[in-house]
Number of protein chains: 2
Amino acid sequence: MSDLLERLRERGWRMTSQRRVVAEVLDGDHVHLTADEVHARAAQRLPEISRATVYNALGELVSLGEVTEVSTDGRARRYDPNAHLPHHHLVCSRCGTIRDVHPAADPLADLPEEERFGFTVSEAEVTYRGLCPSCA
Amino acid sequence: MSDLLERLRERGWRMTSQRRVVAEVLDGDHVHLTADEVHARAAQRLPEISRATVYNALGELVSLGEVTEVSTDGRARRYDPNAHLPHHHLVCSRCGTIRDVHPAADPLADLPEEERFGFTVSEAEVTYRGLCPSCA
DNA sequence: ATTTCTGCAAATCATTTGCAAGTAT
DNA sequence: ATACTTGCAAATGATTTGCAGAAAT
């Protein structure tokens, strides 16, 4: 939905069929997939695609700032395609699913100077935990 | 400081020399260690202690709710011994140091019903990112 | 005595890397 | 043509597991 592909092309990202499929799988998704899930979905369209290639592409998208890595307590990192929109995460404690949620207030404002210990704080992210509808 | 050992004994946690050392390493520390760091410190006092045993003990402390697992973007989880006090984390984007900070407001209150997507939300944790005094 | 730990080594899971062959520019 | 990508398989890092012997209750 957010035309990730077009942005990538404009930025001169070398396009190959596997890179396109990875970008397509991520684009506009509101749930956040693990590298393995991205690989599985990509492989539906392009059966020969290898896991290493998916990891490469994801790593580049992260460096480009088009995608963000989210690591909640589980083991596998998840990839968040909505890097440009400020938002927080809702995580299911049982199955690990992550959804984006939108802030009602800026948590940065809630950290008083004396609780900053000399840090130059530039961003705050909130992780809400609970059970998703299917796990509850 | 926080008498983790005493609490564990009261709760009937079977005590062995290795479990004691793990608890001692964690107790009252304000920095949050990885499993491997815990193992290294424990091994200074008890050279034969194995990594698997450290993982076992950490896992049990987490299940008991005495310790919390924190995973900030790196790949190794860190263990936070201050599970009983509500607090958030201040992470240095350069060196990875984590400090505890105390909330000025409860972020749970800032997530409106229509942004919960059917989840039963039970907790919220905030990660503040920036540069620590030494890295700035 | 019984139940629960410990250490070891091997197993597993997530991710990375080296390199020859393939492909976009 | 050239430089960058891919796929494979093997390497790595983090964590888990199976099991026989050791230790706590």
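Here is the naming used below: chain letters follow the sequence lines, and residue numbers restart at 1 for every chain. Every heavy atom of this structure was used, including side-chain atoms; hydrogens, water molecules and symmetry mates were not.
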- Task: Using only side-chain N and O atoms of B/R19, determine if any of them is under 4.0 Å from OP1 or OP2 of C/dC5.
- Result: yes

In whole angstroms, the gap separating C1' of C/dC8 from CD1 of B/I49 amounts to 14 Å

Quick note, B/Y55 side chain, CB onward, closest among D/dT15, D/dG7, D/dT25 is D/dT15

### Task
Please state whether the phosphate of D/dG7, meaning OP1 or OP2, lies under 4.0 angstrom from any side-chain nitrogen or oxygen of A/Q18.
yes

Whole-Å distance, A/L58 CG to C/dT17 P, equals 15 Å

Specify whether B/H102 and B/H87 have parallel, tilted or perpendicular ring planes, treating 30° as the upper limit for parallel and 60° as the lower limit for perpendicular. perpendicular

From CZ of B/R11 across to P of C/dT4 the rounded distance in Å is 17 Å

Between CD of B/E60 and C1' of D/dT16 the distance, given in whole Å, is 14 Å

Testing D/dA14, D/dT5, D/dT25 for proximity to the side chain of B/M15, the answer is D/dT25

Quick note, A/R77 side chain, CB onward, closest among D/dC4, C/dT16, D/dT15 is C/dT16

On DNA chain D, more 5' by nearest nucleotide between B/T16 and A/W13 is A/W13

Nearest heavy-atom approach of B/H84 to B/P81 is CE1-O, 3.9 Å

Rounded to whole Å, the CD-C1' distance (A/E37 to C/dC13) equals 14 Å

Q. Would you say B/S17 reaches D/dA23's phosphate, i.e. side-chain N/O to OP1/OP2 under 4.0 Å?
A. no

Show me the donor-acceptor pairs within less than 3.5 Å that the side chains of residues 60-67 of chain B make with the rest of the protein, sequence neighbours left out.
{"from": "B/E60", "atom 1": "OE1", "to": "B/W13", "atom 2": "NE1", "distance (Å)": "3.0"}
{"from": "B/E60", "atom 1": "OE1", "to": "B/R19", "atom 2": "NH2", "distance (Å)": "2.6"}
{"from": "B/S63", "atom 1": "OG", "to": "B/G59", "atom 2": "O", "distance (Å)": "2.9"}
{"from": "B/E66", "atom 1": "OE1", "to": "B/R7", "atom 2": "NH1", "distance (Å)": "2.4"}
{"from": "B/E66", "atom 1": "OE2", "to": "B/R11", "atom 2": "NH1", "distance (Å)": "2.9"}

Sorted by chain and number, sequence neighbours left out, side chain to side chain contact (heavy atoms under 4.5 Å, CB included) with A/A136 holds for A/L131, B/T120

Rounded to whole Å, CD of A/E48 lies from C1' of D/dT5 at a distance of 14 Å

Out of C/dG7, D/dG7, C/dC5, minimum distance to the side chain of A/T53 belongs to D/dG7

From the candidates D/dG7, C/dT6, D/dT6, the one with an atom nearest any side-chain atom of B/N56 is C/dT6

Side-chain atoms of A/R14 come closest, of C/dT23, C/dT4, D/dG7, to C/dT23

Please check this pair: side chain of A/R51 against backbone of A/H39, looking for a donor-acceptor N/O pair closer than 3.5 Å.
no

From NE2 of A/H39 across to P of C/dT16 the rounded distance in Å is 15 Å

When rounded to whole Å, the CZ to C1' distance for the pair A/R20 and C/dT25 reads 14 Å

Residue pair A/A52/B/S50 against DNA chain C: nearer the 5' end by closest nucleotide is B/S50

